[in-house]
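What you see is a predicted model; the values in this text were computed from it and never measured. Proteins get letters first, then strands, A, B, ... in listed order; numbering begins at 1 in each.
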There are 2 protein chains.
Amino acid sequence: MDRNALGILRQYDLRHTDTRENILNGFLQKTTALSHSDIEVYLNDGFDRVTIYRTLKTFLDKGIIHKILDDNGGVKYALCKDQCASGHHHHDHVHFKCSECNETFCLEKFLIPEIILPEGYQRKDINVLVQGTCPKCN
Amino acid sequence: MDRNALGILRQYDLRHTDTRENILNGFLQKTTALSHSDIEVYLNDGFDRVTIYRTLKTFLDKGIIHKILDDNGGVKYALCKDQCASGHHHHDHVHFKCSECNETFCLEKFLIPEIILPEGYQRKDINVLVQGTCPKCN
DNA sequence: CTAAATTTGCGTTTTGATTACAAAAAATCT
DNA sequence: AGATTTTTTGTAATCAAAACGCAAATTTAG
């Protein structure tokens, strides 16, 4: 399975551009979720702010990355690990944000248990954010 | 149990002001979670934007309301139902956002099941947002 | 290499949030 | 009630985040 920027772009039928390659490399290198501004920093102001917005939106639409909620009312992003066949995502895993180092982790192996909803509520998507301290900060 | 604005203010040792009373009444009337701008609309521009920020922060600090994450990177607020002793909250219930009407509901009765974390991760707080369609929009 | 389609950068605008400070309102105390 | 103290509010200014339109640049296909 392709785990390099070019491969991913090809896989999802996206044109190969500098911005996209660089941003993808960012995601591939970091083990944590990235915010818009994390990416800006990572790219070292090499690309326009607006372009980053658009690139993230494109990746999101294609299902290359997924959104992770942040407690302060923000969003971070992380790669969808490749077991989601395209169009059929199941990132029903737990997200963990460390309140010491402020990093957010995708706990890919730790799935969200079944959540019971009242009669009439149709579940489509789900997002779990656990906050606490990560192994490094304990 | 006090379920009126004045009672709540008294209970939490807060001065009785127009803004606070009105905002509390908003929360008491609506069954859904409110964003800052929902409140602005509800108050019909009767109070300053900044005052609303401050009021929400005050309520948050006192434990009168709690934060609910929004999928688009925003925050909504809702009353803490059972008296979480101040400083000792237990709103470990599920939040549901309907993607049709965009309303967010506190499913107070539906608690978050135990979530297993990898070795070394210390859980402190948790936030669950389920998205889908609510009974009215089905 | 050329043409068509997509992507990018920039300027502008809108919106959201925070701060400082003076005015206003609430509670307290004769 | 009236005066004093403390808290709260409104205004203006500041700052950051996000969205939009358009022209220039880049990618892909022929």
Side-chain angles (χ1 to χ4, degrees), chain A residues 4-27 33-65 67-77 102 104, chain B residues 4-27 33-62 64-65 67-77 86 102 104:
Chain A
N4 63 73
L6 268 73
I8 294 173
L9 288 176
R10 225 177 295 118
Q11 176 188 352
Y12 286 93
D13 250 324
L14 286 176
R15 294 195 174 195
H16 166 222
T17 70
D18 273 12
T19 320
R20 289 176 181 164
E21 183 176 347
N22 276 280
I23 293 183
L24 275 180
N25 280 329
F27 280 117
L34 303 175
S35 66
H36 180 108
S37 82
D38 291 334
I39 294 168
E40 271 187 305
V41 171
Y42 171 79
L43 294 176
N44 226 33
D45 285 326
F47 300 90
D48 192 86
R49 169 175 206 65
V50 179
T51 304
I52 299 175
Y53 282 122
R54 285 185 287 219
T55 305
L56 289 174
K57 182 167 184 345
T58 304
F59 288 174
L60 219 43
D61 290 347
K62 286 284 183 177
I64 299 176
I65 58 177
K67 253 192 227 188
I68 302 172
L69 303 186
D70 202 13
D71 59 317
N72 53 22
V75 193
K76 294 189 171 191
Y77 306 90
N102 283 317
T104 301
Chain B
N4 61 74
L6 267 71
I8 295 174
L9 288 176
R10 225 177 296 119
Q11 178 187 352
Y12 286 93
D13 249 324
L14 286 176
R15 291 195 175 195
H16 165 224
T17 70
D18 273 13
T19 320
R20 289 176 181 164
E21 183 175 348
N22 276 280
I23 295 183
L24 275 179
N25 279 330
F27 280 116
L34 303 176
S35 67
H36 179 108
S37 82
D38 291 335
I39 294 169
E40 271 187 305
V41 170
Y42 172 79
L43 294 176
N44 226 32
D45 285 325
F47 299 90
D48 192 86
R49 171 176 204 63
V50 179
T51 304
I52 300 175
Y53 282 122
R54 284 185 287 219
T55 305
L56 288 174
K57 182 165 185 346
T58 303
F59 287 175
L60 218 43
D61 290 347
K62 287 284 184 179
I64 299 176
I65 58 178
K67 254 193 225 184
I68 301 173
L69 303 186
D70 203 13
D71 60 317
N72 54 22
V75 192
K76 294 189 170 188
Y77 306 90
S86 83
N102 284 316
T104 301

- Do side-chain atoms of D48(B) reach the backbone of V50(B) as a donor and acceptor pair under 3.5 angstrom? yes
- Over how many whole Å does the gap from R20(B) atom CZ to dA25(C) atom P extend? 15 Å
- For residues H36(B) and R49(B), determine if any side-chain heavy atom of one lies less than 4.5 Å from a side-chain heavy atom of the other. yes
- Check whether any side-chain heavy atom of D38(B) sits under 4.5 Å from a side-chain heavy atom of Y42(B), and report yes or no. no
- Query: Are side-chain heavy atoms of I39(A) and T55(A) found at a separation under 4.5 Å?
  - Reply: no
- Starting at CG of L9(B) and ending at P of dT8(D), how long is that distance when rounded to a whole Å? 11 Å
- Note on the structure: Its contact letters, B for base, S for sugar-phosphate only and - for none at protein heavy atoms under 4.0 Å, make nucleotides 14-30 of chain D read ---SB-BB-----BS--
- Task: Verify the distance criterion only: is there a donor paired with an acceptor across the side chains of D61(A) and T58(A) at less than 3.5 Å?
- Result: no
- Let me know the distance between CG of D45(B) and C1' of dT11(D), rounded to the nearest Å. 15 Å
- Taking atom P of dG10(D) as reference, at what distance in whole Å does atom CZ of F47(B) sit? 7 Å
- Item | Separation of atom CG in D13(B) from atom P in dT7(D), rounded to whole Å | 12 Å
- Query: Rounded to the nearest Å, what distance is computed from the CD atom of residue E21(A) to the P atom of nucleotide dT7(C)?
  - Reply: 16 Å
- Item | Option passing side chain to side chain contact (heavy atoms under 4.5 Å, CB included) with Y77(B) (candidates I23(B), T104(B), I64(B), L56(B)) | L56(B)
- Item | Gap between atoms NZ and P, on K57(A) and dT7(C) respectively (whole Å) | 12 Å
- Message: Tell me the interatomic distance from D61(B), atom CG, to dT7(D), atom C1', rounded to whole angstroms.
- Response: 15 Å
